[in-house]
Amino acid sequence: MRPKAALRSLCNQVLTMNILNELRTRFQAALAGFCDDPASFAWMVKPAQDTRFGDYQANCAMSLARQKGVKPPELAKQIVDRLEVSDLCEAPTIAGPGFINLRLRNDWLRGQMQQLIGDERLGVLPAAQPRRIVVDYSSPNVAKPMHVGHLRSSVIGDAVCRILRFAGHAVTSDNHIGDWGTQFGMLIYGYKHFLDREAYDRGAVGELARLYRLVNQLSDYHDSIKRLPELHDALAAARTTHDETATLPAVSDKALDETRKKSLRKLAVRVAEFEQLVAAADQTIAAVESDETLRSLAGAHRQIAVASREETAKLHAGDAANLALWQQFMPACLAAMQTIYDRLNIKFDLVLGESFYQPFLAEVVANLEQQQIATTSNGAVCVFIPGFEAPFIVKKTDGAYTYATTDLATIRYRVETLSADTMLYVVDARQGDHFKLLFETARKWGYDGVDFRHISFGTVLGDDNRPFKTRSGDTVGLESLLDESIVRARAIVDANDDRKAGGAELDAGERAKIAETVGIGAIKYADLCQNRESDYVFSWDKMLAKTGDTATYMQYAFARVCGIFRKGGIDRAALRQARGEIELATPSERALALQLARFSEVVDQAAAECRPNVLTHYLFETANSFSTFFEHCPVLKAETDASRTSRLLLADLTARVVKQGLELLGIRTIEQM
RNA sequence: GCACCCGUAGCUCAAUUGGAUAGAGCAACGGACUUCGAAUCCGUAGGUUGCAGGUUCGACUCCUGCCGGGUGCGCCA
């Protein structure tokens, strides 16, 4: 019943232009005499769930009545008696067990529309108390090809940044890249032993990618050879246990029988898992041995894994040659990464990776030990957090630091150098425990005034509903996904333009631009429209869809409005200047107006909860309201000039809201498609 | 073994954080282009919200127990 503090903290506190907030303020005043914390009951004002009941509804009477031991409808009546909303609502009605239903007055709604017409921010007011927020997202390991698994964090994180920034906060987007890890040892080893100099000179990125894959493949090969016998043993053992259980004599005890069946199923799953591991190892081995070149390379580099780790260790120890190579590789790696971000239209204010924090790690650990936050256990320096069995290891037995250490150094930098008061981590839900430990440790360390939040999102699953794993053979590269989506979009663009009544309107360049916008938008929208907490089943069809609840639908609505203005030869700026009136003559006009008036409320909610899907849902409804309106109400051919002007204004507002909303999601619009 | 998450229409997902008759999109079926853009619109069909209890005016939502699936759990990030 109490509104979540966290939920409210990022909300705009200013109340005008946000209808929901305005109504809550009115209720808060009316409720003051009935309870001690009117704010939490005023929070129970919501948009109506069913439009037949009105536009908004207050559910506070029921729960407050229970608390006071009175009848809800009677209390509702008393609340309504004290409620002052006559300037914006029709007389409130009480229904059912005590719902207070509210319907906005048409003249008030028309006034809201007039305000929106003149407001560049479409009613969204900047936060009264802006925060300094660092958003940590995307964070790929450089030098490894990006795949679809990287998409979710990148796309959601970017949208969250845009939304919070628009809501008036000081946002710094930070790509905390993995640029100091073991992949560089592999690259260095590959460079020293397998380099194709000509290929490298032609394009460093491609050659580095090849070297990475090659070293990876050879180490996997030796690892598989080494592990195969134990895998076979484990498989045999699992089979034996399974078969023994299966052949146990039948029992009459039903409960026991059930337990046995259950464990049998689990054993079968284990057998299948080991079979899969063996098969994968066999495949890895076969891939190398069937290739003459690979086989001889494998033979000549038996210690490749160890040697690569040693190269990493040397790099970390400051070895001049390896450091020089690292510095040589980095620009190419970053450039490769950047081409993908450019295509996705994702920008970072900062790209501070692991290497940046590396010089501070020793000091961080020393500091933690000094303050007795960290202690040595089994040779490792650990922080123990109550409620967690596993320690938070900041220094390993071998003296190396972990990503926990880096994350702590990062927090210190963000607070002390960037003056951040809020930190958001847009990261896979599986790292939940890590962040709980990290945040607790940071608070103990003195950063207890910072609002840390793990903006977690569900795991990306494959077609088989199992976590999407990057099996070396068939990773879905990000580039090819983008390419495919654009190709499909292009086919639709061509087909549609070719069959336009008045003949094709677009040249090849325009078509390409549209296909790019639609193709990329579709992929982003597929990720954004889902509640970020739930797991995500990766599907080509979903990613590439261009009909129904997709970005394309909104882009199309936008283009249709632009089409009206183009066809009518109407200057949109002049239209707004002319101060025409908005009429709400028909239900579909009123529904569209109400929808447009709610933009600020939705942006505030999306910002408060860092949930882009709140916004996608709203935009879909808005485009839908527009389509219905467009179907029922002639715009250019409206019966009267006043009606024509009113409808043009509604269309113009719709286009602005859709464009702005999509922009907050990082999705572009085009005027003609 | 311990901990966390999930189970909603054939499929993919929502559900304003406890509200009224659980909603969309795909897919299926039936309609609407000589009429402002058919990438669209209108309609039909599809449900015991995994199961069983409990809490209360009211439960997809909270509690308990099952069933099924996933994830994490000391030196990877």
Side-chain angles (χ1 to χ4, degrees), chain A residues 1 3-4 7 20 44 46-50 52-53 57 59 62-63 65-66 71-72 95-99 101 139 141 178 181-182 262 265 354 377-382 387-393 395-398 400 402-404 406-407 428-434 436 456 458-459 461 465-467 489 492-493 495-496 499-502 505 518 526 529-531 533-537 539 541-542 545-550 552-553 555-557 559-564 567-568 601-602 605 609 613-614 617 620-621 624 627-628 630-638 647 651 672-673:
Chain A
M1 139 176 352
K4 290 178 184 166
L7 202 122
L20 193 52
M44 296 180 193
K46 313 274 178 195
Q49 252 186 350
D50 189 322
R52 281 172 306 182
F53 299 127
Q57 64 183 55
N59 305 329
M62 278 96 77
S63 52
R66 176 173 30 177
K71 290 186 175 170
F99 294 101
N101 290 326
S139 312
N141 281 322
T182 51
K262 197 170 140 185
R265 276 200 300 274
E354 293 166 336
S377 164
N378 292 340
V381 184
C382 308
F388 290 87
E389 278 190 40
F392 195 54
I393 297 175
K395 189 177 180 183
K396 299 191 289 182
T397 311
D398 66 2
T402 67
Y403 74 129
T406 313
D407 279 349
D428 190 303
R430 284 176 292 186
Q431 295 198 39
D433 279 353
H434 167 72
K436 279 180 191 152
S456 75
T459 306
L461 308 175
N465 270 18
R466 307 206 50 153
I492 300 172
V493 173
N496 278 281
R499 67 152 196 244
K500 273 178 188 159
E505 299 170 355
V518 169
C529 71
Q530 193 169 110
N531 185 330
E533 316 258 16
S534 44
D535 284 348
Y536 179 97
V537 177
S539 124
D541 287 346
K542 184 163 66 177
K546 306 282 188 292
T547 61
D549 184 5
T550 61
T552 313
Y553 181 72
Q555 288 167 325
Y556 180 64
R560 283 209 290 183
V561 177
C562 294
I564 296 174
K567 176 141 189 167
E601 173 182 311
V602 169
Q605 195 197 342
E609 302 174 31
N613 73 311
V614 170
H617 188 243
F620 181 65
E621 283 183 334
N624 210 358
S627 290
T628 306
F630 192 62
E631 199 74 14
H632 291 91
C633 305
V635 178
L636 292 173
K637 297 174 184 170
R647 288 171 181 176
Q672 201 171 358
M673 57 192 276

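Heavy atoms only: backbone and side chains are in, while hydrogens, waters and symmetry mates are out. In what follows, chains are A, B, ... by sequence order, proteins preceding strands, each numbered from 1.
Among the protein residues, Thr628(A) comes within range of the sugar-phosphate backbone only, with heavy atoms under 4.0 Å from sugar or phosphate atoms but none that close to a base. Using a 4.0 Å heavy-atom distance criterion, Ala559(A) is classed as a base contact. Among the atoms of the strands shown, base atoms are found under 4.0 Å from some heavy atom of Asn101(A). Counting any heavy atom pair closer than 4.0 Å across all strands shown, Pro72(A) reaches no nucleic acid atom. The residue Asp541(A) sits apart from the nucleic acid: no heavy atom pair falls under 4.0 Å. Within 4.0 Å (heavy atoms only), Thr550(A) reaches no atom of the nucleic acid at all. Across all strands shown, Ala495(A) has no heavy atoms under 4.0 Å from either base or sugar-phosphate atoms. Within 4.0 Å (heavy atoms only), Gln57(A) reaches at least one base atom of the nucleic acid. Here Cys633(A) lies in heavy-atom contact (under 4.0 Å) with a base. At a threshold of 4.0 angstrom between heavy atoms, the contacts of Arg647(A) with the nucleic acid are absent. Contact annotation for Glu533(A): no contact, since no heavy-atom pair falls under 4.0 Å across all strands.
With C1' as the reference atom, U48(B) and U44(B) are 23 Å apart, rounded to whole Å. For the P atom pair drawn from U8(B) and A15(B), the interatomic distance equals 14 Å after rounding to whole Å. G58(B) and U71(B): their P atoms are spaced 39 Å apart (whole Å). Comparing the P positions of A39(B) and C33(B) gives a spacing of 15 Å, expressed to the nearest Å. Nucleotides C51(B) and A77(B) are separated by 44 Å at their P atoms, to the nearest Å. Between A9(B) and G74(B), the two P atoms lie 36 Å apart (nearest whole Å). With P as the reference atom, G18(B) and A32(B) are 47 Å apart, rounded to whole Å. Using atom C1' as the reference point in both C11(B) and G7(B), the two lie 15 Å apart (nearest Å).
If Gly563(A) and Cys529(A) are placed on RNA chain B by their nearest nucleotide, the residue sitting closer to the 5' end is Cys529(A). Residue His617(A) is the one, among Val493(A) and His617(A), whose nearest nucleotide of RNA chain B lies closer to the 5' end (criterion: closest heavy atom).
Here the side chain of Thr402(A) pairs a donor or acceptor atom with the backbone of Ile393(A) at under 3.5 angstrom.
Closest to the side chain of Glu631(A), from the set C41(B), A14(B), U12(B), is C41(B). Nearest nucleotide to the Phe620(A) side chain, out of A39(B), U12(B), A24(B): A24(B). Nearest nucleotide to the Asn59(A) side chain, out of G19(B), C13(B), A38(B): G19(B). Listed nucleotides C41(B), A39(B), G37(B) differ in distance to Ser627(A); the shortest reach to its side chain belongs to C41(B). The side chain of Arg560(A) sits closest to U40(B) out of A14(B), C36(B), U40(B). Taking only side-chain atoms of Asn531(A), from C-beta outward, the nucleotide of U21(B), A15(B), G19(B) with the closest atom is A15(B).
For Phe53(A), there are no ring-ring contact (aromatic ring centres under 6.0 Å, His included) partners two or more places apart in sequence or in a different chain.
In this entry the distance linking CZ of Phe99(A) with P of G18(B) reads 14 Å, nearest Å. Put simply, CD on Gln555(A) is 14 Å from P on A39(B), counting in whole angstrom units. When rounded to the nearest whole Å, the span between CD1 of Ile492(A) and P of A39(B) equals 10 Å. Look at CG on Asp535(A): it is 20 Å from P on G68(B), rounded to the nearest Å. To the nearest angstrom, P of G25(B) lies 19 Å from NZ of Lys546(A). One interatomic measurement links the two molecules: CG of Asp428(A) to C1' of U71(B), which rounds to 9 Å at whole-angstrom precision. Computed from coordinates, the Gln530(A) CD to A15(B) P distance equals 10 Å when rounded to whole Å. Between the OH atom of Tyr536(A) and the P atom of U12(B) there is a distance of 13 Å, given to the nearest Å.
Minimum interatomic distance between Pro634(A) and Ala638(A) (heavy atoms only, all atoms of both residues): O-CB, 3.5 Å. Considering every non-hydrogen atom in both Pro72(A) and Pro97(A), the closest pair reads CB-O, 3.1 Å. Of all non-hydrogen atoms in Gly458(A) and Asp535(A), the two that sit nearest each other are CA-OD1, 3.4 Å.
Checking the phosphate oxygens (OP1, OP2) of C41(B), a side-chain nitrogen or oxygen of Tyr553(A) falls inside 4.0 Å. The phosphate of A38(B) (OP1 or OP2) has no side-chain N or O of Arg499(A) nearer than 4.0 angstrom.
At a cut-off of 3.5 angstrom, the base of G58(B) holds at least one donor-acceptor pair with the side chain of Arg66(A).
Inter-residue side-chain proximity for Ser456(A) and Glu533(A) is flagged as met; some heavy-atom pair is nearer than 4.5 Å.
Counting only Watson-Crick and G-U wobble pairs whose two key distances fall under 3.5 Å, RNA chain B forms stems of three or more stacked pairs at B:1-7 with B:67-73, B:10-13 with B:23-26, B:28-32 with B:40-44, B:50-54 with B:62-66.
Annotated as anti: C11(B), whose O4'-C1'-N torsion sits more than 90° from 0.
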Verdict with reasoning, Asn613(A) to Gln530(A), per side chain to side chain contact (heavy atoms under 4.5 Å, CB included): CA-CA 6 Å; Asn613(A) 73 311; Gln530(A) 193 169 110; 5.8 Å; no

Side chain to side chain contact (heavy atoms under 4.5 Å, CB included) evaluation trace for Leu636(A) with Ile564(A): CA-CA 7 Å; Leu636(A) 292 173; Ile564(A) 296 174; 3.8 Å; yes

Evaluation steps, side chain to side chain contact (heavy atoms under 4.5 Å, CB included), between Thr547(A) and Thr552(A): CA-CA 7 Å; Thr547(A) 61; Thr552(A) 313; over 6 Å; no

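Under the 30°/60° scheme for interplanar angles, the aromatic rings of His434(A) and Tyr403(A) are found to lie parallel.
Heavy atoms from other residues, nucleotides or ligands lying under 6.0 Å from NZ of Lys500(A) number more than 12.
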Contact state string [nucleotides 72-77 of chain B, B base, S sugar-phosphate only, - no protein heavy atom under 4.0 Å]: SSBBSB

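Taking CE of Met673(A) as the reference point, atom SG of Cys562(A) lies at 11.0 Å (rounded to 0.5 Å).
Under a cutoff of 6.0 Å and an axis angle of 45°, Lys546(A) and Tyr556(A) do not form a cation-pi pair.
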